[in-house]
Amino acid sequence: MCCKGGKVTISQVPAPDELLQLFLDSSTEGRHFRQHIRSYNHVMSFTSLGVHVDESLIAIGRGIYTSRAQGVIYHKIGGFHPNQGSRPRYLQLYIYDTDHELQNRMRENPILNQAVVLLIKECSSNQPQYSLPSAFQVATIVIGSGDEDTIERGRDINVINCDGKLTKVQETMGFYDPLHKRDMIQRYQDGMAIVLNNGKPDIFLTMTCNPSWIEITSEVGLHQTPQDRPDVLTRIFRSKFDQLKDDVINKGVLGRVKSYMYVTEFQKHGLPHVYRLLILDTDDKLREPEEYDSVVKAEIPRHEYFFCHTLTDSLSEVNHNFQ
């Protein structure tokens, strides 16, 4: 009668055999696992949940169990090293005192079955992204000269107080995240206000860093790739982006721009990428197909180009194999 006769599936990824056995087994370990499954999930988690729970709904005492979260939900990740006199918890269990990791996890919740915790921890059929580390060393990248003053000072972050004065804060302070998650919301609201006031964007413009730019390849070493020189990538990309910004915004090569917004991100292979939305002046908005053709160029190479290009590659490969 469960799950509409098997028509409803929970996940397309098959569960590891060891965990599946715990769900179906009638042994003592299996029954204990199913009875305390939330506790086992808790002892293997990386972070803890921080939220204000409204207890007034629970006090009613009628209907199903209901809880209401008040405010913003945060995940408390903590530091890599436990405070003095405190035992390791959550993420710290994975990297601190790994020789006694099992004992530290059992101290988190003594009612758990040690054999089940060990089985979950060393599950051999688990997905690769959850595999245990193969080395005991942990490497970190420290930005700066490496001296104690730089490490203690951290990033240069300034906050504007209510009285208008600037205050330097460290990124490790507890109030930095809310000030940040708030800055992002403010930027989003600013973007929506621009669209509300000036209308929807007319042009979606993108720009991606090209690692084959001569300005980049000329600065890359013999055995280096462009991704090995992020300093060169970002500087060259920024200079070309400023030039594009001047052409589009100030010179109006695509039309007079009334307002704009953009965001910069880094792709998975380490190259910077920019998305930009342009809202054109009323007299320069694109309405007819001919007007779009004047600013957008999309060409399919001729068949002869593909044939010659493929033939050249084939001859080069044959020549290489012959040599």
Step by step, would you call Leu278 with Leu254 a side-chain contact (heavy atoms from CB on, under 4.5 Å)? CA-CA 10 Å; Leu278 305 176; Leu254 300 178; 4.1 Å; yes
Please output the side-chain donor-acceptor pairs of residues 104-112 that fall under 3.5 Å, not counting sequence neighbours, one pair per line with the distance.
unit_1: Asn104; atom_1: ND2; unit_2: His100; atom_2: O; d: 3.1
unit_1: Arg105; atom_1: NE; unit_2: Glu101; atom_2: OE2; d: 3.1
unit_1: Arg105; atom_1: NH1; unit_2: Val43; atom_2: O; d: 2.6
unit_1: Arg105; atom_1: NH2; unit_2: Glu101; atom_2: OE2; d: 2.8
unit_1: Glu108; atom_1: OE1; unit_2: Arg87; atom_2: NH1; d: 2.5
unit_1: Glu108; atom_1: OE1; unit_2: Arg89; atom_2: NE; d: 3.4
unit_1: Glu108; atom_1: OE2; unit_2: His42; atom_2: NE2; d: 3.4
unit_1: Glu108; atom_1: OE2; unit_2: Arg89; atom_2: NE; d: 3.1
unit_1: Glu108; atom_1: OE2; unit_2: Arg89; atom_2: NH2; d: 2.9
unit_1: Asn109; atom_1: OD1; unit_2: Ile111; atom_2: N; d: 3.4

Using every non-hydrogen atom in the two residues, find where [X] and [Y] come nearest and quote the distance to one decimal.
X      : Y      : result
Met207 : Leu244 : SD-CD2, 3.6 Å
Leu286 : Tyr292 : O-OH, 3.2 Å
Ile214 : Ser218 : O-OG, 2.9 Å
Leu271 : Pro211 : CD1-CD, 3.8 Å
Glu265 : Tyr275 : OE2-CE1, 3.1 Å

Got a list of side-chain donor-acceptor pairs under 3.5 Å for residues 193-202, not counting sequence neighbours?
unit_1: Asn198; atom_1: ND2; unit_2: Ser259; atom_2: OG; d: 3.0
unit_1: Asp202; atom_1: OD1; unit_2: Lys285; atom_2: NZ; d: 3.3
unit_1: Asp202; atom_1: OD2; unit_2: Leu280; atom_2: N; d: 2.8
unit_1: Asp202; atom_1: OD2; unit_2: Lys285; atom_2: NZ; d: 2.8

With sequence neighbours left out, what residues match Asp283 under salt bridge (charged side-chain N to carboxylate O under 4.0 Å, His left out)? Arg256
List the residues meeting salt bridge (charged side-chain N to carboxylate O under 4.0 Å, His left out) with Lys245, not counting sequence neighbours, and say none if there are none. none
One pair to check against side-chain contact (heavy atoms from CB on, under 4.5 Å): Val232 and Val220. What are the steps and the verdict? CA-CA 8 Å; Val232 175; Val220 175; 5.8 Å; no
Quick check on the hydrophobic clustering: are [X] and [Y] connected, directly or via other members, by side-chain heavy-atom contacts under 4.5 Å?
X      : Y      : value
Ile249 : Ile279 : no
Val295 : Leu277 : no
Leu205 : Val253 : yes
Val296 : Val257 : yes

side-chain hydrogen bond (donor to acceptor under 3.5 Å, both in side chains) against [X], all qualifying residues, sequence neighbours excluded:
X      : value
Thr167 : Asn161
Arg31  : none
Tyr40  : His32
Asn41  : none

Do Asp228 and Thr225 meet the criterion of a side-chain donor-acceptor pair at a distance under 3.5 Å? yes
Can you measure from CD (Gln224) to OG1 (Thr217) and round to the nearest 0.5 angstrom? 12.5 Å
Atom CE in Met192, atom CG in Asp190: separation rounded to 0.5 Å? 10.0 Å
Kindly indicate whether the side chain of [X], heavy atoms from C-beta on, has any atom under 4.5 Å from the side chain of [Y].
X      : Y      : result
Leu102 : Gln114 : yes
Asp246 : Gln243 : yes
Ile216 : Leu233 : yes

Tell me if a side-chain donor or acceptor on Gln186 pairs with a main-chain N or O of Arg182 at a distance below 3.5 Å.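 Checked: no pair found.
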Hey, does the Lys NZ or Arg CZ of Arg276 hover above the aromatic six-ring of Phe204, less than 6.0 Å from the centre and inside 45° of the axis?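 No - Arg276 does not lie over the ring of Phe204 by the 6.0 Å and 45° rule.
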Could you work out, with ring pair (Phe, Tyr, Trp, His ring centres under 6.0 Å) as the rule, every residue matching Tyr188, not counting sequence neighbours?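 Tyr188 satisfies ring pair (Phe, Tyr, Trp, His ring centres under 6.0 Å) with no other residue.
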Applying salt bridge (Lys or Arg N to Asp or Glu O under 4.0 Å), which residue pairs with at least one partner in residues 32-41 are found, sequence neighbours left out? none
Where at least one partner belongs to residues 212-248, residue pairs that pass ring pair (Phe, Tyr, Trp, His ring centres under 6.0 Å), sequence neighbours excluded: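 Found Phe241-Tyr262.
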Set of residues satisfying side-chain contact (heavy atoms from CB on, under 4.5 Å) with respect to Ser27, sequence neighbours excluded: Asp25, Glu29
